[in-house]
Amino acid sequence: MGTFQNKNKPEASPAEIKHAGQFAAALVALIKAVNLYPKGHQTLLQVTEKFSGQLKETLSQRQLATFRIFENSLFVNNVLLPIDKISGLKEFVETMQNRYVRQIIFYPATTITDISALVDMLAALPEKISIAGGACAVLAQTGKKNIKIIEYYSQRNIEVDQERLLDLTSSAIFRFLIDDSVLELNTNDTCFLYELLKESKLIYALIKIAAQYIIRDSKNPLNEPMLISKILSKITRAVLSIDISEEIEMKTILKDILDIFEDKEIFDFVFFNIDSEIVSYSDSIAYVAARLNMPQIAEFSISNIVSFENLSQGMSISKTVLTRLFCERKDFLDFLTILKQALQKTPLTESKKQTILNEICSAIAPGTSLEDDVELALGNISESDMSDISSGLKLLKSVHLEKTALKRSVLDFDLERTHATILQTLISTEKDPELFKKMLELLNQHIQALLEKKSFARVKIFFNFFLQQTRKESLLPPAHKQDILKILGSFHADLLEQLIIAGLEELSFEKAQEYINDLLELFKEKLFSLLIKLYTHAEKLPQSAVVKDIIIQYYSTHLVRFPFDVKKEASANILRVIDLLQKIKKDEILPILWEILSHEDTIIIQRALKTIALKNSQPALALLIKAIQHPNQHLRLAAIEYLSQFKSDQVSAILSAIVRAENGMGEDQNMNLQLRQTALSALAEVDGLAAKALCLQILQKKRFFIIPVEKQPLRLFARKQLEMLKK
């Protein structure tokens, strides 16, 4: 089976790069012309015809003509262009990105009217496109179908329309999913399939129906999870075959689909396809390990093992699955304890239970004290050993016993099921302050030794216990609590990060909230900074909604600086920061948003400015006014447009001044015109009378009585505004 990768393209020749560059330059020139000339102008018609001619020439040699953005690079017909060396291309890439357009596909039947509809959309302001539902929606409203827009992937996990689902079962796409003889889709159907993938619930339902349809064929030897894997493989290969999706995007799409699976379904998907290409490609093993807890995995494993007529076959697959889910030996040993408990609840004979347990245990590679570790993890440690360890811990006044007993219990064994009892015996009930400190110090030494071994799971047991002892309901004397707090306060940020993630993975939503709030009360600003870092930097942070809510609540009552430079952070991280700031009502977050305006990513800047505007306060207004002087011209345009949300004489005066500034706002005439036009539109919403007066002034003001003072584009724009104001 081939790999899920876009086909490698040979390096383009100088002639191909030149031709692709000329083709791109023609489209850039057309977009500029639309901004400069009114519809029907002779120059605009000439530029449109020139691009149309180059498009026809391109399509005479290939099935499709494409413009594709990947990160900040531009590919024209799969030829990478040097955007810094060709005039206008860098701005064109920004234009595409600001409108969330990742790809433009021209089909052979493309006409001049199709091209005009596309360029009108690209020339529109990003905010207007967003309000209209996005670039695809804007283009679809024109009825033009010979040009395809591919937007940046955004999951639409909406409820399934049953009638639409039924229609799809009669489509070419469904036949492609169920029929092994249909090896590929045509380009139109592949693009349609890509759009369907964004609706993860719909595509999940369609895949399930396809699998059941195939199962009805008695000749089919595959079960549902195996068929789903096969169908997903087919979908992935089809979408990647024509370069409408990038590798990283396709993996995100697959994860969104897997999110819809029930817990047992996702486990079975991995279990019955453990060595398949799609499981590896979609990182499903890591996904299952993060999503399911150990009791679920134990229950599902046993269920699948006993479903095989040949028990040894089921155990063989299960060993492979479990060793990949639990790569760390310690995790595997922890799992064995839970597996044994799950086996005890089944109606299997004792002989079969022991056979399954022994077979799974055999998957552990030989190592130091393997027999002891397995025996201990399975709960078979002898009562005499347990008694010796507990007795030794209780006799801490004996130097010999305290060293050997603690070393054996804390470092050499995983006595997790007796830790709580032992610690309560030693710490919770100890009255003598000096002895308490001695025990605490000794335990802390062993915790530090565990940290050196990076045994965070075992440290967490002590950490959670200490955390419980600091709570109000704890019966420990205040002095004892302070001693514990000193130890907790010495835990460095990296350890706290591991403990937070471990806690979030294992706890329910409510328990996770309680856990983090306890930590926040204990570590305050130190932990808040860490939570900010985790939320903005961790790609797969468990219970991220809990962390987000707590950050918002804490920041609403505490002024804390962010622990990194927002101007230099990666775009994905800053998007999460902006998402947080949108939920915080206080104006104190405005300086952070202003700092973000210095970021190099245009989309980030636009989002930050919009968040400032949505605050709708006097400090927010002050920043919008300040943004009018920002060096980024597109940001200035957006700032002027957002001023329309603030109805005041001050805003009216500022907008009027911008409209009157004939040469003082933009770095070139075209930008100056856009700034003045935007200001005039905003003024019409803020102060209709002032806008009407300005429109009349622009239209009537003449030099030498007959020569208009203002240039034609502004006069045409003012006339349209005046007509709208009179309605």
Side-chain angles (χ1 to χ4, degrees), residues 1 208 211-212 214-233 258 261-280 284-289 291-367 370-381:
M1 183 183 293
K208 290 275 288 183
Q212 288 299 319
I214 298 170
I215 286 173
R216 286 206 299 267
D217 179 2
S218 59
K219 297 177 182 178
N220 174 62
L222 304 179
N223 59 22
E224 183 176 279
M226 296 164 78
L227 288 168
I228 287 174
S229 170
K230 185 177 178 181
I231 292 169
L232 285 176
S233 297
L258 294 178
F261 282 47
E262 299 289 342
D263 289 343
K264 182 63 164 62
E265 284 181 314
I266 190 62
F267 181 82
D268 287 352
F269 174 73
V270 169
F271 187 92
F272 290 103
N273 302 287
I274 187 64
D275 292 320
S276 78
E277 186 182 23
I278 194 68
V279 166
S280 173
S284 296
I285 296 172
Y287 176 76
V288 167
R291 174 170 163 176
L292 304 181
N293 57 39
M294 286 187 179
Q296 286 176 303
I297 294 173
E299 176 191 342
F300 299 155
S301 296
I302 295 167
S303 171
N304 286 348
I305 289 171
V306 299
S307 70
F308 283 85
E309 290 184 14
N310 183 345
L311 197 62
S312 62
Q313 184 182 359
M315 290 187 293
S316 176
I317 295 174
S318 190
K319 278 199 298 184
T320 304
V321 173
L322 296 176
T323 50
R324 293 188 192 178
L325 285 174
F326 305 112
C327 300
E328 296 293 328
R329 181 166 171 269
K330 169 62 174 62
D331 293 337
F332 198 101
L333 291 172
D334 290 343
F335 173 73
L336 289 177
T337 306
I338 294 169
L339 182 69
K340 182 181 180 182
Q341 294 169 353
L343 275 169
Q344 295 305 323
K345 298 176 183 178
T346 67
L348 296 171
T349 65
E350 290 302 319
S351 174
K352 283 190 176 181
K353 291 177 186 177
Q354 195 59 48
T355 299
I356 292 173
L357 191 60
N358 290 342
E359 184 67 23
I360 301 300
C361 284
S362 71
I364 306 174
L370 174 64
E371 292 179 0
D372 288 342
D373 282 346
V374 174
E375 190 175 71
L376 185 63
L378 296 178
N380 291 331
I381 188 169

Counterpart residues, side chain to side chain contact (heavy atoms under 4.5 Å, CB included), relative to T355 (two or more places apart): M315, S351
E350: partners by salt bridge (charged side-chain N to carboxylate O under 4.0 Å, His left out), with sequence neighbours left out: K353
T346 side-chain N/O to L343 backbone N/O, donor-acceptor pair under 3.5 Å: yes
Salt bridge (charged side-chain N to carboxylate O under 4.0 Å, His left out) partners for K319, two or more places apart: E359
ring-ring contact (aromatic ring centres under 6.0 Å, His included) against F300, all qualifying residues, sequence neighbours excluded: F267
All side chain to side chain donor-acceptor pair (under 3.5 Å) counterparts of S284, not counting sequence neighbours: S282
Residue list, salt bridge (charged side-chain N to carboxylate O under 4.0 Å, His left out) with K352, at least two apart or on another chain: none
F308 and F271 aromatic ring geometry - parallel, tilted or perpendicular at 30°/60° bounds: tilted
Contact list for residues 342-362, test ring-ring contact (aromatic ring centres under 6.0 Å, His included), sequence neighbours left out: none
With sequence neighbours excluded, residues passing side chain to side chain donor-acceptor pair (under 3.5 Å) with S312: N310
Pairs touching residues 293-312 that satisfy salt bridge (charged side-chain N to carboxylate O under 4.0 Å, His left out), sequence neighbours left out: none
Other residues, nucleotides, ligands: >12 heavy atoms within 6.0 Å of E262 CD: no
Sidechain-backbone polar pair: R291 side chain, I266 backbone, donor-acceptor under 3.5 Å: no
Nearest heavy-atom neighbours spanning N223 and I215: C-CD1, 4.4 Å
Those residues that, when tested against F272, pass ring-ring contact (aromatic ring centres under 6.0 Å, His included) (two or more places apart): none
Any donor-acceptor N/O pair, N304 side chain to D268 backbone, under 3.5 Å: no
Set of residues satisfying side chain to side chain donor-acceptor pair (under 3.5 Å) with respect to K208, sequence neighbours excluded: E224, E265
With sequence neighbours excluded, residues passing side chain to side chain donor-acceptor pair (under 3.5 Å) with Q341: none
